[in-house]
Amino acid sequence: MGLSACTTAEAPPPAATTEAPTVAPLPESGNLNAGSYLVTSFAENFEITVPDGWSGDGDGLTKDDPDNPGEGAVFVAWWPAPYVSTDPCAWHGALVKVDPPAKAFVDAMMAQTSTASTPPVEVMVGDYSGFEFDHSVEGDVDIAACDEGKFCIHAESAYQCSRWYSTQTERETYRVVDLNGQRAVVWMAQYRPPINPELTTEARGVLDSIVFKSNK
């Protein structure tokens with residue numbers, strides 16, 4: 001009778017696993033290190049990437065013009081904008097609540113008196129669709145003579161302006177996104193003339209870095 005060796009096969013080692021890097025939440029305030037941050041202000045979170053020299057306050061980022069230290073020059077913001085003024089100069093009693101779809105906000109902004117907007121274009125912001133357009137003052141408006149000296153663009157309530165222009169030279173680029181029934185409004189603005197063109201380009205890069213990601 002022959003004898004055969006009895007061997008037991010060894011189990012293969014477990015496959016190595018790697019965890020996706022965690023994006024740090026955006027601090028509530030203070031100067032920021034260059035890098036990516038997670039913002040949780042809307043129904044879906046978004047990531048935003050900033051270079052050196054930016055600071056934040058939880059619902060927006062800003063950077064000074066290096067040629068004018070201490071003077072804010074550009075910002076990227078995303079605070080709520082449920083109300084849009086029909087007349088940004090005579091805005092008392094003219095802040096109208098806008099329906100949730102992104103298109104409703106765009107239409108309201110296009111219809112504002114004394115403002116100029118570029119035609120809205122459809123964009124994808126990560127996993128979600130929306131619209132982009134530029135917005136500014138049109139004509140020779142005496143902002144000092146407007147209600148409370150503010151050229152009011154939109155607001156968080158029907159009685160108090162949240163976003164206004166102080167000068168005719170302010171310029172904004174908006175991205176308005178549909179998030180499963182909730183509207184997200186993000187924008188980039190320059191508001192301290194004259195603006196270094198490189199700083200405007202940098203702010204646009206921060207806006208472009210915003211990516212909404214579906215949890216599904």
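Basis for what follows: all heavy atoms, side chains included, without hydrogens, waters or symmetry-related copies. In this chain, residues are counted from 1 in sequence order.
Residue P51 comes nearest to A34 through the heavy atom pair C-CB, 3.8 Å, listed as atom of the first residue, atom of the second, then distance. Residue T115 comes nearest to E138 through the heavy atom pair O-OE1, 3.4 Å, listed as atom of the first residue, atom of the second, then distance. Across every non-hydrogen atom of L95 and Y83, the tightest pair is O-CD2, 3.8 Å. Nearest approach of A155 to P82, heavy atoms of both residues: O-CD, 3.2 Å.
You'll find the side chain of V76 reaches within 4.5 Å of the side chain of I210, heavy atoms only. A heavy-atom distance below 4.5 Å is found between the side chains of E122 and F131. Contact of the T201 side chain with the L199 side chain is not registered, since no non-hydrogen atoms from C-beta on lie closer than 4.5 Å. Counting heavy atoms from C-beta on, the side chains of W79 and H154 come closer than 4.5 Å. Between T167 and E170, some side-chain heavy-atom pair lies under the 4.5 Å cut-off. In this structure, L32 and Y37 have side chains that are in contact, with non-hydrogen atoms separated by less than 4.5 Å. Using a 4.5 Å cut-off on side-chain heavy atoms (C-beta onward), F133 and R175 make no contact.
With no hydrogens or angles considered, a side-chain donor-acceptor pair links D134 and T173 at under 3.5 Å. Judged purely by distance below 3.5 Å, without hydrogens or angles, the side chains of Y128 and E44 pair a donor atom with an acceptor atom.
Salt-bridge annotation for E156 and R163: absent, with no side-chain N of the basic residue lying under 4.0 Å from a carboxylate O of the acidic one. Electrostatic pairing of K63 and E202 counts as a salt bridge here, judged by a charged N lying under 4.0 Å from a carboxylate O.
Of the possible donor and acceptor atoms, one in the side chain of R183 sits under 3.5 Å from a partner among the backbone N and O of D99. Here the side chain of Q182 pairs a donor or acceptor atom with the backbone of A43 at under 3.5 angstrom. With hydrogens and angles disregarded, no donor-acceptor distance shorter than 3.5 Å links the side chain of S55 to the backbone of N31. Q168 places a side-chain N or O within 3.5 Å of a backbone atom of V141 that can act as its donor or acceptor partner.
Annotation: Y191 is in aromatic contact with F75 [ring centroid separation under 6.0 Å].
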* To do: Assess whether ring-ring contact (aromatic ring centres under 6.0 Å, His included) is satisfied between W78 and F42, documenting all intermediate values.
  => CA-CA 9 Å; W78 50 83; F42 298 109; 8.1 Å; no
* Given the rule in the side chain to side chain contact (heavy atoms under 4.5 Å, CB included) test, do L61 and V50 qualify, once you have shown the distances and angles that lead to the verdict? -> CA-CA 9 Å; L61 307 174; V50 297; 3.3 Å; yes
For a quick test of your reading: what N or O donor-acceptor pairs under 3.5 Å do the side chains of residues 145-152 make, sequence neighbours left out?
residue : atom : partner : partner atom : Å
D147    : OD2  : W91     : N            : 3.0
D147    : OD2  : H92     : N            : 2.8
E148    : OE2  : H92     : NE2          : 3.0

Counting only pairs under 3.5 Å, give me each side-chain donor-acceptor contact of residues 100-113, with atom names and distances, residues two or more places apart or in other chains.
residue : atom : partner : partner atom : Å
K103    : NZ   : D107    : OD1          : 2.8
K103    : NZ   : D107    : OD2          : 3.2
Q112    : OE1  : H135    : NE2          : 2.9
Q112    : NE2  : S85     : O            : 3.0
Q112    : NE2  : S85     : OG           : 3.1
Q112    : NE2  : I153    : O            : 2.8
T113    : OG1  : T86     : O            : 3.4
T113    : OG1  : D87     : OD1          : 3.4

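Atom CH2 of W54 is separated from atom OG1 of T62 by 6.5 Å, given to the nearest 0.5 angstrom. Residue S209 holds its OG atom at 11.0 Å from CZ of R204, rounded to the nearest 0.5 Å.
Heavy-atom contacts from other residues, nucleotides or ligands closer than 6.0 Å to CG of N33 number 12 or fewer.
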